[in-house]
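Sequence lines set the chain letters: A, B, ... in the order given, protein chains first and strands last, and positions in each chain run from 1.
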Number of protein chains: 2
Amino acid sequence: MATARGYHHGDLRAALIRAAADAVEAGGPDAVSLRELAQSLGVSTAAPYRHFADRTALLNEVAALGFADLNAAYARAQAGAATPQAAMRETARAYLNLAFGRPGLFRLMFASDLVGAADAPASLLVPAGEAWESLFRAVAALDPAADLATVKRRAITGWSTLHGFITLVQGGRLKGFMTEPLTEAELLDAILDKTLNEA
Amino acid sequence: MATARGYHHGDLRAALIRAAADAVEAGGPDAVSLRELAQSLGVSTAAPYRHFADRTALLNEVAALGFADLNAAYARAQAGAATPQAAMRETARAYLNLAFGRPGLFRLMFASDLVGAADAPASLLVPAGEAWESLFRAVAALDPAADLATVKRRAITGWSTLHGFITLVQGGRLKGFMTEPLTEAELLDAILDKTLNEA
DNA sequence: GTTGCAATGTAAGTGTCGCTTACATGGAGA
DNA sequence: TCTCCATGTAAGCGACACTTACATTGCAAC
């Protein structure tokens, strides 16, 4: 991989994914331009289409890598926890870390239509589904006696609270409301407590 | 207004806002093309720029009308309720009605960057701020003894849960998870109960 | 009424975008 | 060594947001 760049690039596919991930992080999903990526990598504007059917296919790949990262973080969180409660808390923190640590990637994964698209490829749906199942298992472990519907309700409600908070904060909706007597960290703790204490 | 369309349109500005609102509802914020709107209204592609500085300015106007509608619905909900609990419940339902009844508009108002933008105009920020304050008042009325930070925390947490649930459902993230032993209606009730019962 | 002007329209053009088509190159296997 | 095919390029299409220079017209002052 990566020759001194003659006619052939060497590993254009991987380079495109890397560059696209950088662009997503810098300016969100809409900031990814195939022409721009191609130019920055020193290839023609048509070259990316040898590796990806269209812009969406490239973004799908970036999002899939994001879900792979998230799943790995979930696994670490749950493996290193002493109790189901600690595992749940660390799982939620992993989600928050991704959201606030790599907001561009998070938006691509959760705020775009990629996963919800009717023609979403398995390479994206599978890791996205694994993330949900991992979260579900963490909730189920909190209360082994709970039936399926209860666990689902708890998982969906908790996920909704976390996700909604992230979305509102990143959309700038809470500016000026979290400052005075209430910090973001306090809110996060309150939300985590609430998510945990409902079991 | 609205002559038989000679050289001048009559009320192009209002027609553009209406057409843009329809387009937003049909395909989301990204589906609005100024060229397309202009063509459908029978004017040149440059005409819209006599009334809106750019595409974002037009979308801001549509979103502002959406917030005006939401505020009116909030006011109705709170005026017609016998107790603070009922008022809160109806307020939340008004939010849900907008989200699921007019999802395209909802996405424009809450999932786009318009309100969060650094250069968002007052014509948008004012009604958006009113919506938040209306929600805040409804939460505060549930428990007059609660201090400011507590009310804020409850309002933000409850809003987050509602908003996150809507976002996840509309993003297709819960497909196949809400079907079997758990319907969407049950979940909504559970979420409303949870939002109410924390006071 | 006539006239002047500002509001509101148009035609044409710029630069960017995603994507396609036809052709060029060269590395890997027979 | 030769050939094939993956991978690259050049050129172009249509759509997009937006700009500029010019055309039309309703309205208000006279």
Could you work out which one of [options] sits closest to the side chain of [X]?
{"X": "B:Leu12", "options": "C:dG18, C:dT10, C:dG9", "result": "C:dG9"}
{"X": "A:Arg50", "options": "C:dA22, C:dT8, C:dC17", "result": "C:dA22"}
{"X": "B:Arg35", "options": "C:dC17, D:dC16, D:dT9", "result": "D:dC16"}

Provide, to the nearest angstrom, the distance between the [atom1] atom belonging to [X] and the [atom2] atom belonging to [N].
{"X": "B:Glu36", "N": "D:dC16", "atom1": "CD", "atom2": "C1'", "value": "11 Å"}
{"X": "B:Leu58", "N": "D:dC18", "atom1": "CG", "atom2": "P", "value": "10 Å"}
{"X": "B:Leu34", "N": "D:dC16", "atom1": "CG", "atom2": "P", "value": "10 Å"}
{"X": "B:Leu16", "N": "D:dC18", "atom1": "CG", "atom2": "P", "value": "13 Å"}
{"X": "B:Phe52", "N": "C:dG9", "atom1": "CZ", "atom2": "P", "value": "11 Å"}
{"X": "A:Asp30", "N": "C:dC17", "atom1": "CG", "atom2": "P", "value": "13 Å"}
{"X": "B:Gln39", "N": "D:dC16", "atom1": "CD", "atom2": "C1'", "value": "13 Å"}
{"X": "A:Tyr49", "N": "D:dT9", "atom1": "OH", "atom2": "C1'", "value": "15 Å"}

Short side-chain N/O contact to C:dC17 OP1/OP2 from A:Ser33, under 4.0 Å: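 True: A:Ser33 side-chain N/O within range (under 4.0 Å) of C:dC17 OP1/OP2.
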
Contact under 4.0 Å: B:His51 side-chain N or O vs C:dG9 OP1/OP2: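 Checking B:His51 against C:dG9: at least one side-chain N or O falls below 4.0 Å of OP1 or OP2.
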
A:Gln39: side-chain contact (heavy atoms from CB on, under 4.5 Å) partners, not counting sequence neighbours: none

Residues that A:Asp30 engages under salt bridge (Lys or Arg N to Asp or Glu O under 4.0 Å), provided they are two or more places apart: none

A:Phe106 vs A:Tyr95, ring-ring contact (aromatic ring centres under 6.0 Å, His included): CA-CA, chis, key distance, verdict: CA-CA 9 Å; A:Phe106 184 84; A:Tyr95 194 76; 5.5 Å; yes

Comparing A:Ala53 and B:Ala46 on DNA chain C - which has the more 5′ nearest nucleotide: B:Ala46

B:Arg13 or B:Thr45, whichever maps to the more 5' nucleotide of DNA chain C: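 Comparing both residues, the 5'-ward one is B:Arg13.
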
No-hydrogen, no-angle side-chain donor-acceptor test under 3.5 Å, B:Thr91 and B:Gln78: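 Yes, side-chain donor-acceptor contact under 3.5 Å.
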
